[in-house]
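Only heavy atoms go into these numbers, but all of them, side chains included; no hydrogens, no water, no symmetry mates.
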Amino acid sequence: VGPTANQKTLFQLQTRTVTLGVTGSSTEVFALLKAIDADTRLKHANAIELKPTNQGEHELQLDVTLWYFALVRNSGVA
């Protein structure tokens, strides 16, 4: 059973939104996705869109919104 709304906790959940828009070859885009996946921080892909660009059939555009989460210790909680 978790804490009720009145109870204090030693930690606070922080959320950060990161939005990326990149273009590149499929190899470059895949390498970026692998690097994001290798990052061990807790995250959620809120939105992701992958589509070809108008510049040529070998270039892709990736738009992704990530939510990063962290537990931060509260100060002054007894």
Do the side chains of L13 and L71 get nearer than 4.5 Å, heavy atoms only?
-> yes

Hey, is OH on Y68 packed in by over 12 heavy atoms from elsewhere, all under 6.0 Å?
-> yes

Looking at side-chain heavy atoms only, is the closest gap between L20 and L62 below 4.5 Å?
-> no

Value rounded to 0.5 Å, distance of CG in L32 from OG1 in T27 = 12.5 Å

May I ask whether F69 and F11 are part of the same hydrophobic cluster, defined by side-chain heavy atoms of I, L, V, M, F, W, Y residues being less than 4.5 angstrom apart, directly or through others?
-> yes

Hey, could you give me the OG1/CG distance between T53 and L60, rounded to the nearest 0.5 Å?
-> 7.0 Å

Could you check T17 against L66 for side chain to side chain contact (heavy atoms under 4.5 Å, CB included), going step by step and ending with a plain yes or no?
-> CA-CA 6 Å; T17 301; L66 301 169; over 6 Å; no

Side-chain donor-acceptor distances from residues 42-51 under 3.5 Å, at least two apart:
residue: K43; atom: NZ; partner: I36; partner atom: O; Å: 3.2
residue: K43; atom: NZ; partner: D39; partner atom: O; Å: 2.5
residue: K43; atom: NZ; partner: R41; partner atom: O; Å: 3.3

